[in-house]
Visitor: 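Here it is, the structure, as structure tokens.
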Amino acid sequence: MSAAFVQEPSTEELPARRPLDQDWRKLLSYGLLLALVMVFVALTNMPVNLDRRMLIEPIFSMGYLSLFWLPAVFGLVVCREPVLAGMPSYAKGSREVLAGSLVGLIGGAGLSMLTFLLDNFNLREPLVNWSPQLLELLSFRQDTAFGIAIWLPIGLVLGTFGGLAHLFSATTRRVLSWAFVSVITFAVFETVILDLSEGFAWLGAEWVVDELYFIRGGLTMHGAAVLAVAGGLFAAFGRDRAHRAKESFQALEGTSRTRANAIGLLVVAAALVILPLFLGGITNELLANVGLFVLLALGLNIVVGLAGILDLGYVAFFAIGGYTAGILTTTNRGESWPDWMPQFYWGTALVFVVILAALAGLFIGAPVIRMRGDYLAIVTLGFGEIIRLLFLSDWLGGYTGAAQGVTNIGGVQVFGLATVKGTDPRAVFYLVLFFCAIAIYVSWRLERSRLGRAWMAIREDESVAEAMGINTVNAKLMAFVVGAVLASFSGAILAAKVGSVFPNSFIILVSIVILVVVIVGGMGNIAGVIVGSVVLIGILGGPRQPGLLQEFSEYKLLIYGVLLIWMMLKRPEGLVPNVRRTRELHQDEYLQDAWLRGEIDTDSEHTDDSHSNGNTGVLPA
Amino acid sequence: MPPPVTAENSKLNRRLGVDTFLTFMRVVMSTFVILGLLMFIGQQINPDNFVASRINSDATGLTAAQFEGLVISGLSQGAMYGLIALGYSMVYGVLGFINFAHGEVFMVGAMTGMITSNKLDESGAWESNFLLSLLFVLVIAIICSTLTAIIMERVAYRPLRGSPRLIPLITSIGVSFFIQNVSVVLLGPGAKSYPTLPDWLSKKRELFGFVTIEGTRLMVLVVAAISMVALWYLVERTKIGKAMRAVAEDKEIASLMGINVNRTIVTTFAVGGAMAGVAGILWGLLFRSVVHTTGFLPGIKAFSAAVVGGIGNMGGAMAGGITLGSAESVAPLILLEPWGIDGVSQLKDAVAFLVLIFVLLVKPTGLFGERLSTEDRA
Amino acid sequence: MGRIRKLLLLLAALALFAVACGDDDETTTAGDDGEMMDHLGDGSLGTITVEAGAEVQIRSLNALTGDVALFGLPIHRAIEIAVDDYGDIHGFSVSLGQGLDDLCSSDGGQAAAQTIVADEQIAGVVGTSCSGAAVAAAPLISEAGIVMISGGNTSPSLTSDLAGTAGENYNEGYYRTAHNDLYQGRAMALFVFNDLGLTTAAAIHDGDPYTQGLAQAFVDAYEEIGGEITGFAGIAKGDTDMVPVLTEIAAASPQALFFPIFQPEGNFIAAQAPGVAGLADTQLLAADGLLVDGYLALAETEGMYFSGPDARFGENVNQSTGKSAVDFTSAYESLHGEAPTSPFWGHGYDATAMLLDAIKAASYVDGDGNLVIDKAGVREHLDGLTGYNGLIGLINCDDFGDCGSQKVTVIHHLDSNDFEGSVANVVFEYAPS
């Protein structure tokens, strides 16, 4: 965790402040916020739900982890101050530790209070998780007085620990955080590691895994110790080498850089082609699901990320792809279809899928193309709902199966050699991989094409783009069409993979989740979109797909919401930022930095941000 | 003889392609509406007329009482959309962005109302002193939804003022998601009921001798009207309202004039939140059930209503709400049913969105929208 | 195009290779050296060996999140209670692991099933809650040679049409204790037409596969016995204003209105129907989705009829665990602080007990102290199951996995303050031979 908070050394350092020289107001507000967040987490029942999942057998469960990380992080964050280049900053000392402890203490007091209230009042009526189990967990299965008392020292210790992190040297901090992170990672991702170990059994992986994990789940004590040491050692010695390799790569220029890039790409591609052979069913299934969302997100990335059109009804194209492929390839078609209509191969059906999706893109795109961004968002959202309601309606039920959906969809026939369907996740993953490769190639080429540049111009300023002679209407329509086709691929694969399509797979939520994926990953960046899908869909899970952390499925959407807000506030460019987009989003900071460096003459440069506050509406006059 | 193809011309022609398509859509939609209406009238005159017997063989037409019921239910639903739409419209007027999460403010109002009224019901006050408890519930709900709106503005939107247009919009989607799911994890996913209302409120009564209306629906209409008047007074006749209008016109100049822009924006959010709180209670009393998704679709529809009425215009928001509510209620039966479409009620939401699309196609500024400079259409 | 084809071929070859690689695992034969205890099964589907000290693994796959959690969660909790009540199998304790979520959708069901079949220790699954999830999950479970028993699926396509034809989504190894929709639809139709003597009826569903299927089954059965269906309408989940749909139905003034949907939409229909001109005298009918405490407590639902599985669980005792329905509900309430929110908990409980019974019958302890489960034996036990006493009544499995007690009852709800009384007020029973 704390690896992210490593601060750059400042140019000048003032002596540490006295311990009591605190910003008391900030301290109090952080402490209260911590107490609030901890009480909230407790009341979401997360500790109780996750308690059964042991991380280190028999001492530490995920339930307690969900509470314990908070005071440490708050204790660390409370004393973080922006370090400005060229500005003096204070050295860290006992003041920081004290602040951390106090914040942790207030947070702990919050849980003590909750424990007390749980014991004495019954608020189960509105708060469903106000349960004896929660009380039991909060009082560590002892009596209540113990629970009330123990949370104060726990908060204090964890907060102090967070504060102490300021004092450690960079290396110590790195070693500690790596040791911690590697234990947690191995414990949390137990399922997938076990699954992986089966594929690599010939390397003796099963033996390692048996040693590492307890038979009924969770790391063994010695396993955890080994992992911690390994992580720490890597941080102390191995990481420098990795760092140097990265730097030498970045130092490359011109053709050698391109060549290095190409080699890297080839290695990744080869790994992706070979790896699934060694992966178990769970991982392959997971990756196939991730791949479906990569396809969707790449499509939406073109619409939102490149062309800047906020399409909230994107799921419509996913649905159209799924239903078209499903209806054309099923053995059990709705009774309204004429008898002479043949049952198509999936490959043939794909042609119709593409045509229909492109037409739908044009049809939905045309009416909204001239609308302003926010109207467009709502209208496309409306279209998304309309399409789903049509598939669900009894009116078209003879064609679409209405609520009963389309079932008995055949798999994908590969030249009569094999049929790819859901029972074999590995084959499905290869299929998805193939289409993802196409989508990545298309996105990559488009981004660098004339059309791609037109999209980016429109995103940045539509009127200017128009004035520069770009046919904005056509360019935007093209964005819709390309996005629609990519989404329809995903839908068609989904139909073949699952073997059935139901209207409830295509709710608004899907559009929003895809949007979150694109934004968290990094709008306008192919690598970002892929990272976003892997991180969100792979780990947390999609709207109808379980992720690695199945325990979190109840909190998935909540976490999505928090992530979306957090990313927008703190890092709107996403995890893997696109250079140009970042510059757009942080224009002020760039200008400020440039000004600090003396590159800009203040008199001639002024930032005009009034355009985005566009005061359009009028209250009645 | 065709004109020589120049870059200029070909561009013009391509433009025309989209416009032709849009004109075509306008014509098709209007024709559909007009023909549907004509067929409905035909059906009412004689359910077995030759058109109906061919297109919609099981046509029966509606009785006057049924039609009246439809209109009243549409009006009361629409009045609630209107109350929520006011919040959208005001925030849009002042900040120029859609607060997607405004529907959740409404949900928070309905939820707190549910919790307070059930607690009152347990203690017996709900039955013994209904009016006072209702007032208490209303006040609590207004306070909670106002607080939600204010916190939302402070935490999520204020730091983003001045960033590109889509950023706060996307953030507000996140906020909406967040609030919904907080409700799920804290209060559970199930639907929760309001306590039973006293008979004198829920029973049907005759009005002016010819309209029968349920007491709750009547109350919705009355409260909506009162709220509208109060809001009008606030915006038009008070100093705060003047400040709001000034900030809507031009933030910078307003602040030069000594208006505290931040405070005015917070006030706007607060007033919108209070309106949503009132709508939440009305919703709870009318339908007596609330879930975490209660705010989502009504919120989107209320926004559609604000757009239909002309965004930024408060009278328009209410008018748009009532238009949308009635259309949603009446149109499936009088416009779709005569076409022989089965299960038209399933398409109710689709109709609401089609109304939005239709209005935007025909009159992009909304029914009562006046000003939309070209710059803002970008 | 040629290049793409080559690539495809390559991929296909790789995929085939992968398939070939993946198949040759786990053919552990029953330990012949051990004292072969008497057990079912011929080993044709392979065996599962549970090492001494480990646990027998089964999984619960139900809707735990989303709108349907209200329906799936009680089933999941019932499974947990049943596993606790059941105790050991030949001295081995039983583990449910983490509850899996079918997300009430086919994609969710498939992904969850994939995680189940990837773990070769898992001997059986209790789930899914939603038929849509089962459609995608059953093929995988079936192929892995294990069984799934659902306490919540009712779609005829998963088993049979009750006339000897397998449904289009039937798979070997699929069983359920919930009744087939066709029984319930027919029961309600017979009751309305014969007992109530009403000749016109309409139905409303909410677009859920379950409610739509049940409404359709009712409509088909009603028309078959001579009734007239005047309307078949749908609403959307989340709708609150039911006046439009009720007006649509009211246009033809049916004598009965069947709406087998859930809360809260069911509340709105019951509350708003009497106010719509033309429906004032219409008899309202609903099904098990609304047969819950919170719904019957509404004053406006008095006088309604509800079809559903025979919910007079009171005197029934599960023969494997020896617990009665009363024991169950008190255990449930003390654990979760509320009464079950759907009537299918009994089905989930019995399904679990049946599965564990089947595992017990098909397993033995070998010479090394390991438990060996014969997968084919588990199916054999369930295929031949007759006369099993469960919480839901007498259970007999037919050839297509329908094991429900198949007794559908209609109750008349008279007093909104007396849930138990109403549930016991059975006015019609339908129990096909």
Side-chain angles (χ1 to χ4, degrees), chain A residues 43-45 125-129 308 310 366-367 369-375 377-379 381-383 385-386 389-390 392-395 461-463 471 473-474 477 512 515 519 554-555 557-558 560-565 568-569 572 584-585 609-610 612-621, chain B residues 11 14-15 18 21-22 25 92-93 96-98 115 118 156 159 161-167 169-171 173-175 177-178 181-182 185-188 235 244-245 248-252 300 303-304 307 311-315 341-343 346-347 349-350 353 356-357 360-361 371 376-378:
Chain A
L43 284 179
T44 61
N45 216 25
E125 199 38 69
L127 299 169
V128 284
N129 300 319
L310 185 60
I369 219 80
R370 299 260 174 78
M371 288 177 191
R372 47 207 285 172
D374 14 30
Y375 281 23
I378 295 288
V379 172
L381 191 151
F383 268 120
E385 268 300 87
I386 291 175
L389 287 169
L390 287 180
L392 177 62
S393 68
D394 290 336
W395 174 41
D461 194 322
E462 189 164 350
S463 343
N471 184 339
V473 169
N474 274 9
L477 275 180
I512 295 178
L515 182 71
I519 284 166
E554 264 177 71
Y555 310 104
L557 299 178
L558 184 72
Y560 275 136
V562 174
L563 265 180
L564 194 55
I565 302 172
M568 281 290 110
L569 289 176
E584 270 168 61
L585 289 166
D609 61 348
S610 62
S612 47
N613 301 348
N615 30 52
T616 50
V618 233
L619 294 163
Chain B
K11 192 176 147 196
R14 273 181 282 148
R15 279 288 163 81
V18 173
F21 177 74
L22 291 188
M25 270 183 83
Y92 197 93
F97 96 99
I98 302 175
I115 295 170
N118 275 320
R161 234 178 270 158
S163 48
R165 204 174 194 130
L166 286 185
I167 302 282
L169 179 59
I170 295 172
T171 314
I173 295 175
V175 174
F177 230 58
F178 176 72
N181 287 290
V182 166
V185 293
L186 290 186
L187 305 176
V235 172
M244 279 159 75
R245 279 178 289 148
E249 278 300 322
D250 193 319
K251 266 193 257 325
E252 261 148 54
I300 292 170
F303 173 72
S304 307
V307 174
I311 202 142
N313 177 334
M314 287 199 307
I341 294 173
D342 300 330
Q346 272 185 314
L347 302 173
D349 294 340
F353 288 119
L356 170 72
I357 294 166
L360 283 179
L361 276 180
R371 287 194 359 189
D376 290 329
R377 297 192 46 182

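Per chain, numbering begins at 1; letters A, B, ... match sequence-line order.
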Visitor: I need the minimum non-hydrogen distance between Gln346(B) and Ser393(A), along with the two atoms involved.
Guide: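 In this case the closest contact between Gln346(B) and Ser393(A) is OE1-CA, 3.3 Å.
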Visitor: May I ask you to name which of Leu477(A), Leu390(A), Ile378(A) has the most heavy-atom pairs under 4.5 Å with chain B?
Guide: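 It is Ile378(A).
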Visitor: Describe, in one word, how the ring planes of Phe303(B) and Tyr375(A) are oriented to each other, choosing from parallel (under 30°), tilted (30 to 60°) and perpendicular (over 60°).
Guide: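 Correct class here is perpendicular.
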Visitor: Under a 4.5 Å cutoff for heavy-atom pairs, which residue among Asp349(B), Leu347(B), Ile115(B), Val182(B) has the most contacts with chain A?
Guide: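 Looking at each option in turn, the highest pair count goes to Val182(B).
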Visitor: Apply side chain to side chain contact (heavy atoms under 4.5 Å, CB included) to Asn129(A) and Leu186(B), showing your working.
Guide: CA-CA 7 Å; Asn129(A) 300 319; Leu186(B) 290 186; 5.5 Å; no
Visitor: Is it the side chain or the backbone of Leu187(B) that comes within 4.5 Å of chain A heavy atoms, both, or neither?
Guide: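 Contact with chain A: backbone and side chain both.
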Visitor: Who are the ring pair (Phe, Tyr, Trp, His ring centres under 6.0 Å) partners of Phe383(A), not counting sequence neighbours?
Guide: none
Visitor: At a 4.5 Å cut-off on heavy atoms, which part of Leu22(B) comes close to chain A: side chain, backbone, both, or neither?
Guide: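 The side chain, not the backbone.
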Visitor: In terms of heavy-atom pairs under 4.5 Å, which option from Val307(B), Asn181(B), Leu360(B) contacts chain A the most?
Guide: Asn181(B)
Visitor: Apply side chain to side chain contact (heavy atoms under 4.5 Å, CB included) to Val562(A) and list each qualifying residue two or more places apart in sequence or on a separate chain.
Guide: Phe178(B)
Visitor: Which value, rounded to the nearest 0.5 Å, describes the distance between Ile512(A) atom CD1 and Ile170(B) atom CD1?
Guide: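 Here the rounded value is 11.0 Å.
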Visitor: Is it the backbone or the side chain of Pro572(A) that comes under 4.5 Å from a heavy atom of chain B, or both, or neither?
Guide: side chain
Visitor: Where does Leu564(A) contact chain B at under 4.5 Å (heavy atoms): side chain, backbone, both or neither?
Guide: side chain
Visitor: Determine the minimum heavy-atom distance between Leu515(A) and Ile173(B), stating which atoms define it.
Guide: CD2-CD1, 4.1 Å
Visitor: Using a cut-off of under 4.5 Å for heavy-atom pairs, which of Gly561(A), Gly308(A), Ala377(A) has the most such pairs with chain B?
Guide: Gly561(A)
Visitor: Could you have a look at Leu563(A), Asp394(A), Ile519(A) and say which one has the most heavy-atom pairs with chain B under 4.5 angstrom?
Guide: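 Of Leu563(A), Asp394(A), Ile519(A), Asp394(A) has the most heavy-atom pairs under 4.5 Å with chain B.
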Visitor: If I measure from the heavy atoms of chain B, does Leu381(A) come under 4.5 Å with its side chain, its backbone, both, or neither?
Guide: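 Contact with chain B is through the side chain of Leu381(A) alone.
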Visitor: Can you tell which part of Glu554(A) gets under 4.5 Å to a heavy atom of chain B, answering side chain, backbone, both or neither?
Guide: backbone
Visitor: Does any N or O in the side chain of Asn45(A) come within less than 3.5 Å of the main-chain N or O of Val185(B), such that one atom is a donor and the other an acceptor?
Guide: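 Not at all, since once roles are kept as given, no pair shorter than 3.5 Å links the two residues.
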Visitor: Let's test your reading of the structure: which of Leu389(A), Val128(A), Leu310(A) forms the most heavy-atom pairs below 4.5 Å with chain B?
Guide: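 Result: the option with the highest number of such pairs is Val128(A).
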Visitor: Taking every heavy-atom pair that is under 4.5 Å apart, which of Leu361(B), Ile357(B), Leu356(B) has the most such pairs with chain A?
Guide: Ile357(B)
Visitor: Below 4.5 Å from any heavy atom of chain B, which atoms of Leu557(A) appear? Answer side chain, backbone, both or neither.
Guide: both
